[in-house]
Number of protein chains: 2
Amino acid sequence: MARRSDHSRDQIHEMALSATERIVGEQGYQGLSARKVAGAIGYTVGTLYLVFDNLDDLILQVNGRTLDRLYARMVQEQAKQKQAKERLLQLGHSYIQFACEEPHTWQMIFEHRLTGEREIPEWFQLKVARMFALVETGLEPLAAQHSPGEIALAARALWSGVHGVCILAVSDKLDVVGVESVQNLTDLLVGNFLKGFMSS
Amino acid sequence: MARRSDHSRDQIHEMALSATERIVGEQGYQGLSARKVAGAIGYTVGTLYLVFDNLDDLILQVNGRTLDRLYARMVQEQAKQKQAKERLLQLGHSYIQFACEEPHTWQMIFEHRLTGEREIPEWFQLKVARMFALVETGLEPLAAQHSPGEIALAARALWSGVHGVCILAVSDKLDVVGVESVQNLTDLLVGNFLKGFMSS
DNA sequence: GTTGCATTATGAACGGTGTTCAGTTATGTT
DNA sequence: AACATAACTGAACACCGTTCATAATGCAAC
């Protein structure tokens with residue numbers, strides 16, 4: 001194993017990922033470039049392409065880590081709530097809290113589009129599906145008289161709604177200011193939806 | 001007024017806008033470039049910059065036209081429904097129908113980010129606000145016991161929700177196929193929200 | 001030590017992007 | 001016919017993602 005620098009392949013991999021997270025966190029998805037990442041870790045672009053297939057690959061991996069952190073946080077904070085309804089509201093709060101704390105990193109998950117004919121890898125789709133499953137599980141105890149299919153649909157509708165509030169809020173299209181206002185909007189959406197859903 | 005070609009400034013302006021709409025419609029926002037637009041209308045890039053400040057300007061104008069078409073359609077189709085609740089559901093349906101018919105054009109409204117420090121012009125923000133106002137107006141007859149402030153909030157929450165469903169559906173993140181499934185999801189979201197909202 | 005080899009890293013090159021602007025060309029007016 | 005002015009061009013700039021021949025290095029064998 002001949003090596004020229006002090007870093008192993010895995011180390012460079014990790015360095016690139018966290019450098020990307022820093023750059024995106026500061027300058028947003030638009031401010032990201034291969035040369036910037038390479039420069040930040042003290043290597044050249046060529047080296048980056050020894051460790052990643054291409055920029056899409058790098059970005060997907062960063063987005064994967066973001067989803068992991070988000071998921072972990074939602075699981076953890078949701079567990080604090082004892083009542084089912086409170087747990088669902090908490091999921092929304094955690095989601096929005098995260099998006100507001102790391103807007104650029106969070107937005108990149110949705111701003112990024114794969115180049116050309118490339119397809120979203122399965123491991124990434126699983127991370128997304130996991131989020132929906134969390135909502136579905138949270139919804140189950142509140143939907144005794146509904147079929148599993150109905151619950152799955154309701155979870156999708158509900159979570160898409162929360163996501164919509166979040167995405168419009170983060171991109172300043174809602175005329176509301178501050179995290180609390182966004183939380184209130186979500187509470188309104190989730191609360192009223194649940195009320196309607198449980199009485200049907 | 002010395003002119004060399006057969007087209008006036010206004011004509012070139014219009015040609016560029018519709019060429020952009022065609023390119024984006026076929027190849028998506030990513031497939032758009034100044035040289036492509038210029039080539040499509042038989043001019044060079046330089047000419048494009050005589051008519052538009054920059055690409056952001058061009059894209060904003062195209063997005064403005066898209067919002068106009070969307071708004072006109074929502075107003076028109078909503079008027080067909082006599083009951084307040086049906087009108088609200090119709091708004092959602094029209095929105096989704098439009099997004100599914102012209103996914104690329106519709107998505108560009110939300111994919112596009114202004115370069116650097118540029119700011120969204122007021123005329124554009126007004127077009128967005130107009131959409132929320134439509135929902136707000138539709139919600140009023142159903143919210144007799146609610147204050148105007150509450151109605152405004154509810155309209156934002158509701159519309160963000162519909163938008164969320166729409167955006168996840170168009171980018172294939174919902175595991176649902178076909179326009180009808182998306183319509184069902186929206187009906188579920190809007191229906192249950194309204195049921196909850198009206199009983200509170 | 002020295003040699004040879006496989007690994008690691010480079011950076012120039014390619015075709016693309018948005019944007020600018022000096023220079024050319026065609027037109028309307030004098 | 002000459003001039004002024006508007007219209008238009010296209011080369012140039014700095015950036016982008018991506019590739020790859022080349023150089024530099026560390027290690028094993030001799």
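Residue numbers begin at 1 in each chain, while the letters A, B, ... track the order of the sequences.
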Whole-Å gap separating [atom2] ([N]) and [atom1] ([X]):
{"X": "B/Arg35", "N": "D/dC15", "atom1": "CZ", "atom2": "C1'", "value": "12 Å"}
{"X": "A/Gln11", "N": "C/dT8", "atom1": "CD", "atom2": "C1'", "value": "14 Å"}
{"X": "B/Tyr43", "N": "C/dT24", "atom1": "OH", "atom2": "P", "value": "21 Å"}
{"X": "A/Gln30", "N": "C/dG18", "atom1": "CD", "atom2": "C1'", "value": "13 Å"}
{"X": "A/Asp10", "N": "C/dT8", "atom1": "CG", "atom2": "C1'", "value": "15 Å"}
{"X": "A/Asn54", "N": "D/dG17", "atom1": "CG", "atom2": "P", "value": "11 Å"}
{"X": "B/Leu32", "N": "C/dG18", "atom1": "CG", "atom2": "C1'", "value": "11 Å"}
{"X": "A/Leu55", "N": "D/dC16", "atom1": "CG", "atom2": "P", "value": "10 Å"}

Among [options], the one nearest [X] by side-chain distance:
{"X": "A/Ala34", "options": "C/dT8, D/dG17, C/dT19", "result": "D/dG17"}
{"X": "A/Val45", "options": "D/dT18, D/dC16, C/dT19", "result": "D/dT18"}
{"X": "A/Arg118", "options": "D/dT9, C/dT19, D/dT18", "result": "D/dT18"}
{"X": "B/Tyr49", "options": "C/dG18, D/dT19, C/dT10", "result": "C/dG18"}

Between the first and last five pairs of the helix from C/dG1-D/dC30 to C/dT30-D/dA1, the angle of the axes, rounded to 10 degrees: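 End axes: 30° apart.
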
For the residue pair [Y] / [X], report whether a side-chain donor-acceptor contact shorter than 3.5 Å exists.
{"X": "B/Gln61", "Y": "B/His13", "value": "yes"}
{"X": "B/Lys36", "Y": "B/Gln27", "value": "yes"}
{"X": "A/Gln90", "Y": "A/Gln78", "value": "no"}

So what does [X] hit on the nucleic acid, given a heavy-atom distance under 4.0 Å: a base, only sugar-phosphate, or nothing?
{"X": "A/Thr47", "answer": "base"}
{"X": "A/Leu48", "answer": "nothing"}
{"X": "A/Leu58", "answer": "nothing"}

Close side-chain approach of A/Leu194 to A/Leu142, heavy-atom, < 4.5 Å: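 In short, these two side chains touch, coming nearer than 4.5 Å.
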
Polar side-chain atom of A/Lys195 near backbone of B/Lys195 as donor-acceptor pair, under 3.5 Å: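 No.
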
is_close_aromatic(B/His112, B/Trp106), centroid dist under 6.0 Å: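 No, the ring of B/His112 stays outside the 6.0 Å limit from the ring of B/Trp106, centre to centre.
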
Residue-phosphate contact under 4.0 Å: A/Thr44 side-chain N/O, C/dG11 OP1/OP2: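 Indeed not, no polar side-chain atom of A/Thr44 lies that close.
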
Mutual orientation of the aromatic rings belonging to A/Phe197 and A/His146 [parallel < 30°, tilted 30-60°, perpendicular > 60°]: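 Parallel.
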
Of B/Gly46 and A/Lys36, the one whose closest DNA chain D nucleotide lies more 5':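 Its nucleotide being nearer the 5' end, the pick is B/Gly46.
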
